[in-house]
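Computed from a prediction, not measured in an experiment: that's the story for all the values here. Each ligand, and each atom within it, is numbered from 1 in the order the structure gives.
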Amino acid sequence: MIADTPGARIEGTSAYSVSEQRWLEQAAKEEADRDGGSKSAILADYQRRLDAGEPLQYVLGSWQFRWLELRVDSRALIPRPETELIVDLIMAALGDVRSGKVLELGTGSGAIAASIAFECPDLVLVATDSSADALALAEMNLVSCGVDDRVTLRLGDWWEAVDTDERFRLICSNPPYIAEAEWLGLDAVVRDWEPQGALLAGRTGLECYQVIFGQAHRYLEEGRGVVVVEIGATQGGDVQQIAMAAGFDDVSLSQDLVGRDRFVVARG
Ligand SMILES: C[S@@+](CC[C@H](N)C(=O)[O-])C[C@H]1O[C@@H](n2cnc3c(N)ncnc32)[C@H](O)[C@@H]1O
């Protein structure tokens with residue numbers, strides 16, 4: 001769940017866990033070694049930012065996602081640990097033939113696209129986002145991960161960023177899925193610091209799935225293929241329905257590590 005971000009703290013407390021303290025000290029040392037300045041002053045600044053409620057990952061400036069160390073900052077959503085699982089589902093859906101072209105809609109920091117490219121060296125990808133800021137961050141990550149030659153970034157609103165004659169073996173997305181009524185209930189560390197456009201979908205929370213599944217067939221090779229999406233934990237049935245209504249005849253749910261329905265894999 002979006003609210004389960006590492007670094008979220010119990011409201012009203014400012015104590016750091018041992019791991020947080022270790023990460024902060026390591027990052028402060030690296031920054032002092034790299035840019036000069038006093039490690040203790042840098043650490044004090046990090047702690048001030050954490051105490052003000054900023055997510056740990058933004059303070060550290062980088063975060064691990066699968067095999068990659070990604071730069072993270074307020075331009076894009078912090079890649080969540082459960083999102084690592086969508087990469088496994090994508091690779092399983094591709095089977096033994098891990099070549100061809102894959103599309104990711106809403107790439108944010110580029111975590112999913114960079115991981116697929118890194119772990120499948122014969123694949124090429126197109127990764128889109130409606131946020132130019134997020135794409136600038138994704139570009140930095142693609143370069144630092146050495147996969148920028150196989151991932152093309154595009155700016156635009158969902159399918160508008162894709163050429164009408166492009167076709168893909170597989171389409172994936174972790175789109176915004178928070179409903180308007182849920183917004184105020186999100187953890188403050190998420191709601192007040194991460195980009196609203198990466199989280200909030202609309203009145204029902206299902207709006208992005210309707211757009212994505214609504215046109216996916218048009219962009220799949222020979223009009224058939226696989227779409228893999230991350231979903232909110234209560235959205236499984238609704239997103240299954242949306243995929244089936246869009247003509248996918250084999251639609252299954254997959255779970256995260258604690259057994260919640262968090263992914264839809266649609267074929268057909
Ligand atoms: C939940 S975030 C996922 C980011 C990243 N893929 C991840 O898993 O960490 C959703 C992403 O979709 C993008 N997005 C929101 N509305 C969009 C739209 N209309 N067209 C394209 N991308 C959009 C946001 O900017 C954000 O980067």
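At a heavy-atom cutoff of 4.0 Å, ligand 1 is contacted by the backbone of Thr107 but not by its side chain.
There is a side-chain donor-acceptor pair under 3.5 Å between Glu230 and Thr83. Using modelled atom types, one finds a donor on one side chain and an acceptor on the other under 3.5 Å when comparing Ser40 with Ser38. A donor-acceptor contact closer than 3.5 angstrom links the side chains of Tyr16 and Asp51. A side-chain donor-acceptor contact under 3.5 Å links Tyr46 and Glu31.
The closest approach between a heavy atom of Ala111 and any atom of ligand 1 is not below 4.0 Å. A heavy-atom separation below 4.0 Å is not found between Ala76 and ligand 1.
A donor-acceptor pair under 3.5 Å is absent between the side-chain atoms of Arg224 and the main chain of Glu221, judged by distance alone.
Around atom 3 (C) of ligand 1, the closest heavy atom drawn from Asn174, Thr128, Ile86, Leu105 belongs to Asn174. Comparing Ala134, Gly106, Ser130 against atom 4 (C) of ligand 1, the shortest heavy-atom distance belongs to Gly106.
In terms of N/O distances under 3.5 Å, ligand 1 is not approached by Arg80. Considering backbone and side-chain N/O of Thr83, none are found under 3.5 Å from N/O of ligand 1. Between Glu104 and ligand 1, at least one pair of N/O atoms sits closer than 3.5 Å. Residue contacts with ligand 1: Asp129 is placed with a nitrogen or oxygen under 3.5 Å of a nitrogen or oxygen of the ligand (distance criterion only).
By the 30° and 60° cut-offs, the orientation of the rings of Tyr219 relative to Trp159 is parallel. Aromatic ring pairs are classed by plane angle as parallel below 30°, tilted from 30° to 60° and perpendicular above 60°; the pair Phe213 and Phe248 is perpendicular.
For ligand 1 and Asp157, the ligand atoms under 4.0 Å from any heavy atom of the residue are 18 (C), 19 (N), 20 (N). Each of the following atoms of ligand 1 lies closer than 4.0 Å to a heavy atom of Pro176: 10 (C), 12 (O), 15 (C). Proximity to Gly156 (heavy-atom distance under 4.0 Å) selects the following atoms of ligand 1: 20 (N), 21 (C). Interface of Ala198 with ligand 1, defined as ligand atoms under 4.0 Å from a residue heavy atom, comprises 1 (C), 2 (S), 10 (C), 24 (C), 26 (C).
Within the 4.5 Å cutoff, side-chain heavy atoms of Ile116 are placed close to those of Cys172. Under the 4.5 Å side-chain criterion, counting only non-hydrogen atoms from C-beta, Glu119 is in contact with Met91.
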